[in-house]
Amino acid sequence: DYRGLFNNLKLCFCKKCGLGFSLPIIDNDLVFNFYKYQYRSKTSTFHIAFEDLEDIHETFVDYSHKTTQQLVFIDDYCSFNSSDIFLDIGPGTGASFYIASIFLKKPKLYGIEISNGASEFYNRFPLDKINILDSLDEFITLKKKAKVILMSHSLEHYQLVDIPKLFEDIRKALDSNGLLIIEVPHVDLRIHANVRGVDTPHFLFFSQDSLCKLLEQYGFELLFQNTCDEIYE
């Protein structure tokens with residue numbers, strides 16, 4: 001039962017850059033099991049009925065716009081060649097695999113996803129085999145490099161203590177001329193401290209400034225950043 005996992009967390013934030021995070025740190029085994037067994041379960045707000053979906057086209061209709069906007073940047077910022085690797089960390093419905101197979105030249109498709117039923121569903125797609133792994137460590141041990149890594153609404157699900165290893169692993173997994181695409185909710189706790197939304201189970205909260213500084217701190221070259229949707233009052 002994971003219902004009480006988030007009950008006693010406090011949200012902290014940096015007044016200077018706006019980076020927000022939850023404390024205390026939760027045991028990583030508990031977090032892993034939450035995402036594996038509970039996050040997409042039938043009783044969860046974030047349930048995906050993988051067993052009831054026929055193929056990728058059902059997920060494509062709902063998720064195509066956001067994913068297309070993310071992947072359209074690829075041609076502008078890197079050269080993706082035939083058989084290069086596209087890696088999605090947290091693919092959810094898997095719509096990115098379908099759109100990547102349209103936009104890119106015969107990509108080799110990889111994903112990091114631990115939700116029950118996800119891997120079996122992805123490989124019912126009318127695509128080449130999609131290789132689903134449990135962790136970036138597992139991808140790195142294959143001695144492969146991804147030309148593009150996508151993190152669409154997954155970074156905020158890591159805890160603050162995970163960040164150093166996560167970005168070290170991303171650097172190991174990413175081709176030297178590769179592209180990292182990240183989308184996160186724009187939740188600047190300097191503004192949102194008293195205007196709470198429904199964001200459980202997020203552990204990290206980003207302003208534009210904090211996300212840019214975080215990437216630069218770990219040695220990434222920032223090529224593009226922006227926000228979309230409603231403007232802050």
Side-chain angles (χ1 to χ4, degrees), residues 32 35-36 40 48 50-51 53-155 157-158 162 165-184 215 218-221 223-224:
F32 181 89
Y35 282 109
K36 186 172 181 65
R40 298 295 188 190
I48 296 177
F50 291 114
E51 67 280 3
L53 295 172
E54 293 296 328
D55 61 31
I56 183 58
H57 296 287
E58 290 191 45
T59 68
F60 175 73
V61 171
D62 292 333
Y63 293 91
S64 61
H65 298 301
K66 181 176 75 173
T67 309
T68 299
Q69 289 164 357
Q70 293 164 348
L71 300 192
V72 76
F73 286 109
I74 293 174
D75 278 346
D76 292 335
Y77 295 112
C78 80
S79 298
F80 195 99
N81 300 312
S82 178
S83 296
D84 280 345
I85 291 175
F86 171 82
L87 171 63
D88 191 337
I89 301 176
T93 62
S96 65
F97 297 130
Y98 183 80
I99 295 174
S101 71
I102 295 173
F103 279 6
L104 306 176
K105 303 171 185 176
K106 296 182 179 178
K108 291 185 177 179
L109 302 173
Y110 283 79
I112 309 298
E113 178 61 67
I114 60 175
S115 297
N116 277 343
S119 179
E120 294 81 1
F121 171 61
Y122 300 151
N123 280 293
R124 294 207 306 270
F125 294 171
L127 303 171
D128 292 337
K129 178 174 174 57
I130 301 170
N131 303 277
I132 300 300
L133 310 173
D134 281 347
S135 67
L136 266 176
D137 284 332
E138 191 176 350
F139 180 81
I140 292 166
T141 59
L142 298 175
K143 300 188 183 303
K144 296 182 181 297
K145 296 283 188 178
K147 183 59 71 73
V148 172
I149 296 179
L150 174 65
M151 296 187 75
S152 177
H153 290 266
S154 54
L155 179 58
H157 294 272
Y158 287 84
D162 300 326
K165 184 179 186 318
L166 172 64
F167 280 106
E168 178 184 346
D169 287 347
I170 289 174
R171 287 177 61 85
K172 291 178 182 176
L174 188 64
D175 185 270
S176 58
N177 294 310
L179 185 66
L180 172 63
I181 302 172
I182 297 176
E183 180 174 317
V184 294
L215 290 166
Y218 287 98
F220 292 91
E221 179 186 0
L223 301 177
F224 175 87

- request: Kindly determine whether Val148 and Phe80 satisfy side-chain contact (heavy atoms from CB on, under 4.5 Å), including the steps that lead there.
  value: CA-CA 8 Å; Val148 172; Phe80 195 99; 3.8 Å; yes
Is there side-chain contact between [X] and [Y], with heavy atoms separated by less than 4.5 Å?
X	Y	result
Ile181	Ile74	yes
Leu155	Leu166	yes
Asp137	Lys165	yes
Leu87	Lys144	no
Arg171	Phe220	yes
Ile89	Tyr158	yes

Rounded at 0.5 Å granularity, tell me how far [atom1] in [X] sits from [atom2] in [Y].
X	Y	atom1	atom2	result
Leu104	Asn81	CG	CG	10.5 Å
Ser135	Phe32	OG	CZ	8.0 Å
Ile130	Phe86	CD1	CZ	10.0 Å
Asp76	Leu223	CG	CG	10.5 Å
Ile149	Ile182	CD1	CD1	9.5 Å
Ile99	Leu150	CD1	CG	10.0 Å

Compare every heavy atom of [Y] with every heavy atom of [X], then report the nearest pair and how far apart it is.
X	Y	answer
Ser96	Leu71	O-CD1, 3.9 Å
Phe167	Leu180	CE2-CD2, 4.5 Å
Glu113	Ile132	O-CG2, 3.6 Å
Phe97	Gly111	CZ-CA, 4.0 Å
Lys145	Lys172	NZ-O, 2.6 Å

Asn131 vs Leu142, side-chain contact (heavy atoms from CB on, under 4.5 Å): CA-CA, chis, key distance, verdict: CA-CA 12 Å; Asn131 303 277; Leu142 298 175; over 6 Å; no
Partners passing salt bridge (Lys or Arg N to Asp or Glu O under 4.0 Å) against Asp84 (at least two apart in sequence or in another chain): Lys147
query: Crowded around Lys108 NZ? As in, over 12 foreign heavy atoms under 6.0 Å?
result: no
- prompt: Residues two or more places apart in sequence or in another chain: which of them pass side chain to side chain contact (heavy atoms under 4.5 Å, CB included) with Asp75?
  reply: none
query: Do the rings of Phe73 and Phe224 sit parallel, tilted or perpendicular, given the 30° and 60° boundaries?
result: tilted
query: So among Asp134, Asp169, Ile85, which one has a side-chain contact (heavy atoms from CB on, under 4.5 Å) with Phe139?
result: Ile85
